[in-house]
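First up is the structure itself, then whatever we jot down about it.
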Amino acid sequence: MNKYRTHNCSELTKKNNAENVILSGWINKKRDHGNLLFIDLRDNYGVTQCVIDKSNKYFIKLEKIQLESVIKILGKVVNRSNETINSELKTGEIEVIIDSFETLGNCKELPMPVFTDQEYSEEIRLKYRFLDLRRKKIHENIILRSKVISFIRKEMNELGFLEFQTPILTSSSPEGARDFLVPSRLNPGKFYALPQAPQQFKQLIMVSGFDKYFQIAPCFRDEDARADRSPGEFYQLDLEMSFVEQEDVFNVVEKLMKNLFKKFSSKKFLYNKFPRIPYKEAMLKYGTDKPDLRNPLLINDLTSIFTREDVKFDIFKKLVKSGSKVRAIITKNTKDKPRSFFDNIDKWAKDQGASGLAYFTIENGKEISAKGPVGKFFSSESLNEIMKTTGAKVGDSIFFACGKINEVEKISSIAREKIAQDLDLIDKSSFAFCWIVDYPMFEIDDNNKIKFSHNPFSMPQGEIEKVDFKNPLNIKAYQYDIVCNGVELSSGAIRNHKPDLMYKLFSIAGYDKKQVDNKFSGMINALSYGAPPHGGIAPGIDRIVMLLAEEKNIREVTMFPMNQNAQDLMMNAPSEINEDQLKELGLALKSKK
RNA sequence: GGGGGUGUAGCUCAGUUGGUUAGAGCGAUCGCCUGUCACGCGAUAGGUCGAGGGUUCGAGUCCCUUCACUCCCGCCA
């Protein structure tokens, strides 16, 4: 028999009536009636009410013991009387009459309450994470995370994937994020880097002939945090497959996501087959490459309307002449919305740094007309044209944004979200997955330099002989993202397994052969020894769990997260190291300013 | 690197137009209470109002600087 317990704290029911039991756990709550004391004993599994009265010699001791102390209770299970049954508790039909008890772990005065639904500051939560993690919601989130990961492992195994570990200490690579660096004691002056992702390794695994690989892989990137982005480290379901095309990867991931999200959520899928949306189309219709497809609003391009003679909206017309674009969002049947609805959105847009949103509502008197501050600038014919291109009807309203393409995409994207929220158009009870496909291989940065827009190892689309290297910005890649409810879960690609092509693409981005050989030696070398066509993806585990747990902050699904400044307040990391350690590594610190 | 928000008791917060001795709930300590499940009742302790400077007869409150946490932009797949 186990020394500490015969049952856990959620097991006992009427069936156990009159049994002598041993329970161990934390004191969740005490209710002290002076001559009668109730103790809610909690463990990982649940809560059991235990009772003791003053005739018991342990009564005084138990009365004094601190909440959150760990105790072992010996007692007898009794059925509760009907009036005292607690239907909210799994064990609410019984209670344990305490016979004796033993303190296993004392608790000091708590820096924060554990048994409350009260919110408290992250600082205190992170410093005392071990207390925070005892609380119900986050405790359940972390258990969910564990279950999600083991489910993924099982599914991946069934799909024929093999799990492999890849090195944590590896080499620094150009492109992408800032690396975390680790000095090498045995190689003074040289540094390892922690992997931003096992990208090159997983491709090498394919070259090594393993066919299907996956890993719940830690990834390290030294970039600033966001609510949905941990500083430093996060986990991906990294996977790679040989002899596949894009659709083969999609099939595997769709199957996995559907099984996973059905298993851990009761929400429905908006699309059973995930829509494939070309990058260009996504940027036009949604203003972003991570659209929330639960939101029914679409963005329309109305630039050409503002070249018409019979449209007199001069501010926009002037901007259009100098190359700006006009994008519009139609809201269905909003003619009766109060003026404040429209003005709030306009004011909100100005707060976002845009020049505001113009708007009007389409009316039908003698002829089609527009009502609203800028309505008078639009002729009936131009309105008919707008209705034709956008599908807007009488009674609908139209919001306009005008600006340079990047700006107008951005503002129309967040306006689409804002308007949908205000009109309560987003179906919160569903998951809307989609694939964003056909990403451009290259893009132009602020200094007018061509750079890889995604991953330098992606395969360009089309037959290699026909790729138009003269116009690199037109080259599309077999590069894709998977998005759910506006959350980017992952990006992936069919990889470029042809070294010659790789050199060519790198040369467009300004790397000569020598540089490529030097920086990507492991991989480029391997590709010239018989590499299979291959591709993969790497969905973010943390974000999947966030969606399933309906959390907005990644720290709510991370056991021991760092704060925004990449500090672990509980472990005191990062910390200073002593002179000897520095010396051994051949390092010297510059004095801080 | 930049912008916004927050910072008052161990915790969560209130604090009016600048005005006497800075309050509440929870927690802690002490006392009362035999059926609670957010038990109830009474009392006590607990404050560098994030820090520094300034304005003022007088600052938790106004101004400047600074620090911490957080959200966002940049950055990042």
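Numbered from 1 within each chain, the chains take letters A, B, ... in sequence-line order.
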| said: For a quick check of understanding: with a heavy-atom distance under 4.0 Å over all strands, which category does A:Y120 fall into, base, sugar-phosphate or nothing? | reply: sugar-phosphate
Regarding A:K64, tell me which of base, sugar-phosphate or nothing describes its non-hydrogen contacts under 4.0 Å with the strands shown. sugar-phosphate
task: Report which part of the nucleic acid A:N563 touches: base, sugar-phosphate, or nothing (heavy-atom distance under 4.0 Å, all strands).
output: sugar-phosphate
- Message: Base, sugar-phosphate or nothing for A:R543? Non-hydrogen atoms, less than 4.0 Å.
- Response: nothing
A:L67 CG to B:rC26 P, in whole Å, measures 14 Å
B:rG47 -> Watson-Crick or G-U wobble partner, both distances under 3.5 Å, gives none
Subject >> Salt bridge present between A:E240 and A:R495 (N-O < 4.0 angstrom) >> reply: yes
Within the 4.0 Å heavy-atom criterion, would you say A:G540 contacts the bases, only the backbone, or no part of the nucleic acid? nothing
Q) Say you pick atom P in B:rU6 and the same atom in B:rG50; how far apart are they, in whole Å? A) 13 Å
Select base, sugar-phosphate, or nothing to describe what A:N553 touches, counting heavy atoms under 4.0 Å on all strands.
sugar-phosphate
| message | Check A:D40 with A:R31, please: is the shortest side-chain N to carboxylate O separation under 4.0 Å? | response | yes
Note to self: Are B:rC33 and A:H33 stacked, with the base six-membered ring and the side-chain ring centres under 5.5 Å apart and planes under 30°?
What the structure shows: no
With a non-hydrogen cut-off below 4.0 angstrom, is A:I124 in contact with a base, only sugar-phosphate, or nothing? sugar-phosphate
Please verify the inter-ring angle class for A:F520 with A:F506; under 30° counts as parallel, over 60° as perpendicular, anything in between as tilted.
tilted
Taken to the nearest whole Å, CG/A:L36 to P/B:rC37 is 12 Å
Taken to the nearest whole Å, CD/A:E223 to C1'/B:rC72 is 16 Å
Rounded to whole Å, CD of A:E63 lies from C1' of B:rC33 at a distance of 10 Å
> Could one point to a donor on the side chain of A:E123 or the base of B:rG7 with an acceptor on the other under 3.5 Å away?
Replying inline: no
Within-4.5 Å side-chain heavy-atom neighbours: A:D132 and A:Y120: yes
*Under 3.5 Å, is there an N or O donor on one side and an acceptor on the other linking the side chain of A:R229 and the base of B:rC76?*
yes
Per nearest nucleotide of RNA chain B, the residue lying toward the 5' end, A:F115 or A:L110, is A:L110
Separation of B:rC69 atom P from A:E122 atom CD, nearest Å, is 11 Å
Under a 3.5 Å limit on both distances, the Watson-Crick or wobble mate of B:rG1 is B:rC73
If pairing means Watson-Crick or G-U wobble with both distances under 3.5 Å, then the partner of B:rA68 is B:rU6
In whole angstroms, the gap separating P of B:rC73 from NZ of A:K410 amounts to 7 Å
When both distances are under 3.5 Å in a Watson-Crick or G-U wobble arrangement, the nucleotide paired with B:rG60 is none
Any donor-acceptor N/O pair, A:T91 side chain to A:S10 backbone, under 3.5 Å: no
Atom CD1 of A:I52 and atom C1' of B:rU36 are separated, to the nearest Å, by 15 Å
Q) According to a strict under-4.0 Å criterion, is A:N565 in side-chain N/O contact with OP1 or OP2 of B:rC69? A) yes
**Prompt:** Touch check for A:E88, heavy atoms < 4.0 angstrom, all strands: base, sugar-phosphate only, or nothing?
**Reply:** nothing
Query raised in the report: Would you say B:rC76 has OP1 or OP2 under 4.0 Å from some side-chain N or O of A:Q196?
Result: no
**Report entry** Parallel, tilted or perpendicular: ring planes of A:F433 versus A:F431, cut at 30 and 60 degrees
**Finding:** tilted
5'-most contact on RNA chain B (nearest-nucleotide basis), A:D40 vs A:D53, goes to A:D53
Any donor-acceptor pair under 3.5 Å joining the side chain of A:R80 to the base of B:rC37?
yes
- Distance under 6.0 Å and angle within 45° of the ring axis: does A:R5 meet both against A:Y45? no
Please classify the nucleic acid contact of A:T84 as base, sugar-phosphate, or nothing, using heavy-atom distances under 4.0 Å. base
With the side chain defined as heavy atoms from C-beta on, A:F38 is closest, among B:rA28, B:rG35, B:rC69, to B:rG35
Tell me whether the side-chain N or O atoms of A:R226 pair up with the base of B:rU70 as donor and acceptor below 3.5 Å, since no angle test is needed here.
no
* A:E95 near the nucleic acid: base, sugar-phosphate alone, or nothing, with a heavy-atom cut-off under 4.0 Å? -> base
inquiry  = Once you apply a heavy-atom cut-off of 4.0 Å, does A:K29 come out as touching a base, just sugar-phosphate, or nothing?
reply    = sugar-phosphate
Among B:rC75, B:rU12, B:rC37, the one nearest any side-chain atom of A:S121 is B:rU12
For B:rG40, the nucleotide meeting Watson-Crick or G-U wobble distances (both under 3.5 Å) is B:rC32
Taking only Lys NZ, Arg NE, NH1 and NH2, and the carboxylate oxygens of Asp or Glu, determine whether A:R229 and A:E488 approach each other closer than 4.0 Å.
no
